Amino acid sequence: MNSPIAIDRNEILKRYKTIDKYTHKGIQGHALIIGGSYGKVGAVSLSAKAALRTGCGLTTVFVPQCGYEILQISVPEVMVVTDDHEKYISEIALNLDVDAIGIGPGMGQKMATQKALHDFLSNNSLPLVIDADALNILSHNPSWIALLPPKTILTPHYKELERLIGKWHSDEDKLGKTIVFSLVNQVVVVMKGAPTYIVDGQTIYVNTTGNAALATAGSGDVLTGMITSLLAQSYKTIDAAILGVYLHGLTADIALPETGYQSFIASDIIANIGKAYLSLKK
Ligand SMILES: NC(=O)C1=CN([C@@H]2O[C@H](COP(=O)(O)OP(=O)(O)OC[C@H]3O[C@@H](n4cnc5c(N)ncnc54)[C@H](OP(=O)(O)O)[C@@H]3O)[C@@H](O)[C@H]2O)[C@@H](O)CC1
Ligand SMILES: Nc1ncnc2c1ncn2[C@@H]1O[C@H](COP(=O)(O)OP(=O)(O)O)[C@@H](O)[C@H]1O
Ligand SMILES: [Mg+2]
């Protein structure tokens with residue numbers, strides 16, 4: 001097993017792209033976030049706000065009808081498309097020109113939602129980030145993993161990872177099983193935790209930013225929006241995963257002196273993305 005490559009400032013500066021003076025929102029990329037269900041629309045709101053703050057030009061969300069007003073009011077910059085169903089996603093029908101899609105936050109695992117995910121994956125070839133309930137649905141239906149486009153990014157926390165790859169008996173075993181999973185399925189796995197590892201086949205990266213303030217509801221939903229935004233901005237898959245994870249952690253390092261560990265919430269990640277980007281220029 002290769003030893004992990006540290007994701008530090010040097011690795012980031014090799015990958016980070018500055019913004020062209022003459023760019024416009026059409027060039028900056030269009031991210032789509034699919035998710036939400038009754039009581040968990042906030043996950044999509046966080047993801048979508050994070051996508052915008054990470055720099056894509058346009059963001060659309062696809063949510064059940066109960067998410068319509070919530071999203072229009074909580075994130076007016078976002079465009080909203082709704083499912084036919086009131087409380088959960090039942091059919092992902094969209095005709096949109098987007099550059100990358102993040103799917104899963106707050107989505108739930110109703111049978112109709114599972115079928116909707118299957119049909120969506122059967123027809124999709126755009127770059128994808130799979131998180132939360134979309135991961136759990138894949139764990140229930142492992143044959144559907146073959147429907148993912150090569151280089152799809154999966155962002156499981158350890159419980160979600162265990163559902164995907166089964167139990168491990170040591171940290172080395174966990175990494176070994178994840179490498180095999182990444183190779184067999186041609187996917188990039190962001191193993192969220194403290195620290196977060198990114199597994200791209202035999203190549204393993206370990207993040208150097210972040211702290212325990214991130215142990216708060218919605219911080220993974222924010223990460224999904226950030227990585228989807230970077231993919232929409234035409235970052236290569238592995239660069240989007242690396243830069244997203246690094247910036248996400250950096251927000252917590254920047255905010256910590258003001259918030260302390262306890263009062264930091266997922267919205268503070270979003271509020272500090274700007275400072276995280278600016279710190280790359282110093
Ligand atoms: N505002 C909203 O709308 C929000 C909506 N959300 C949405 O809710 C849905 C369910 O997502 P979820 O992750 O809470 O549930 P689930 O996968 O069962 O994991 C729970 C169990 O897994 C473990 N565990 C968790 N994290 C771990 C870690 N880092 N490292 C290790 N273990 C970890 C832990 O298990 P334990 O350690 O207690 O055995 C815990 O009990 C999903 O759609 C999500 O997007 C949330 O994002 C919150 C904000
Ligand atoms: N103690 C910690 N140190 C560093 N990062 C952490 C810690 N706890 C959680 N995180 C990060 O916070 C995020 C949590 O994601 P997740 O569990 O999916 O949250 P949610 O589903 O509530 O949005 C991951 O990026 C994880 O790496
Ligand atoms: Mg999560």
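Note that the structure is predicted; figures quoted are calculated from it, not measured. Both counts, for ligands and for their atoms, begin at 1 and track the order of listing.
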For [atom], what is the nearest protein heavy atom, given as residue, atom name and distance?
atom: atom 18 (O) of ligand 2; answer: Lys192 NZ, 2.7 Å
atom: atom 19 (O) of ligand 2; answer: Gly220 N, 3.2 Å
atom: atom 31 (C) of ligand 1; answer: Tyr158 CB, 3.7 Å
atom: atom 39 (O) of ligand 1; answer: Lys159 NZ, 3.2 Å
atom: atom 17 (O) of ligand 1; answer: Arg163 NH1, 2.8 Å
atom: atom 44 (C) of ligand 1; answer: Gly106 N, 3.8 Å
atom: atom 25 (O) of ligand 2; answer: His248 CE1, 3.4 Å
atom: atom 43 (O) of ligand 1; answer: Asp133 OD2, 2.5 Å

Margin query: When you measure from the heavy atoms of Ala217 to every atom of ligand 2, does any distance fall below 4.0 Å?
Written below: yes
Note to self: Less than 4.0 Å is my threshold; does some heavy atom of Glu160 fall inside it relative to ligand 2?
What the structure shows: no
What atoms of ligand 2 come within less than 4.0 Å of a heavy atom belonging to [X]?
X: Ala215; answer: 8 (N), 9 (C)
X: Ala194; answer: 1 (N), 2 (C), 3 (N), 4 (C)
X: Ala212; answer: 1 (N), 2 (C), 3 (N)
X: Asn211; answer: 2 (C), 3 (N), 4 (C), 5 (N)
X: Ser219; answer: 12 (O), 13 (C), 14 (C), 23 (O)
X: Thr196; answer: 27 (O)

Are any of the protein's heavy atoms under 4.0 angstrom from [atom], yes or no?
atom: atom 8 (O) of ligand 1; value: yes
atom: atom 28 (C) of ligand 1; value: yes
atom: atom 22 (O) of ligand 1; value: yes

Next item on the list: May I ask you to identify, for Asp221, whether its side chain, its backbone, both or neither come under 4.0 Å of ligand 2 on a heavy-atom basis?
Entry: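 It is both parts that get close, each with some atom under 4.0 Å.
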Report yes or no: do [X] and [Y] form a side-chain donor-acceptor pair below 3.5 Å?
X: Asp83; Y: Ser90; answer: yes
X: Gln28; Y: Thr23; answer: yes
X: Thr208; Y: Asp8; answer: no
X: Ser229; Y: Gln233; answer: yes
X: Tyr158; Y: Glu162; answer: no
X: His140; Y: Gln114; answer: no
X: Thr224; Y: Ser47; answer: no
X: Thr60; Y: His30; answer: yes

Heavy-atom proximity to [atom], best of [options]:
atom: atom 33 (C) of ligand 1; options: His157, Glu160, Lys40; result: His157
atom: atom 3 (O) of ligand 1; options: Pro105, Gly35, Ala43; result: Ala43
atom: atom 48 (C) of ligand 1; options: Gly218, Ser45, Ala132; result: Gly218
atom: atom 47 (O) of ligand 1; options: Asn136, Leu46, Asp221; result: Asp221

Please give me the minimum heavy-atom distance between [X] and [Y], naming the atom from each residue.
X: Ile198; Y: Val245; result: CD1-CG2, 3.9 Å
X: Asp119; Y: Lys115; result: OD2-NZ, 2.7 Å
X: Lys87; Y: Pro64; result: C-CB, 3.7 Å

Next item on the list: Any atoms of ligand 1 less than 4.0 Å from a non-hydrogen atom of Gly42? List them with their elements.
Entry: 3 (O)
Check: Can you get from Leu13 to Ile242 by hopping between Ile, Leu, Val, Met, Phe, Trp and Tyr side chains that sit under 4.5 Å apart?
Finding: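 Linked within one cluster.
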Check: Is Lys275 salt-bridged to Asp253, cutoff N-O under 4.0 Å?
Finding: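 No, no charged N to carboxylate O under 4.0 Å.
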Looking at ligand 2, does any of its N/O atoms fall within less than 3.5 Å of an N/O of [X]?
X: Asp131; answer: no
X: Leu214; answer: yes
X: His157; answer: no
X: Gly218; answer: yes

Next item on the list: Give a yes or no on whether Asp20 atom CG has more than 12 heavy-atom contacts from other residues, nucleotides or ligands under 6.0 Å away.
Entry: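 Buried by this count: over 12 neighbours within 6.0 Å.
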Item checked: Atom OH of Tyr38 with >12 non-hydrogen neighbours under 6.0 angstrom -> no
Next item on the list: Kindly say whether Leu135 contributes a backbone atom to a donor-acceptor pair with the side chain of Glu160 at under 3.5 angstrom?
Entry: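 No, the answer is negative, given that no donor and acceptor are paired below the 3.5 Å cut-off.
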Next item on the list: Could you walk me through whether Asp133 and Lys40 pass salt bridge (charged side-chain N to carboxylate O under 4.0 Å, His left out), step by step?
Entry: CA-CA 11 Å; Asp133 292 314; Lys40 287 189 178 155; 5.7 Å; no
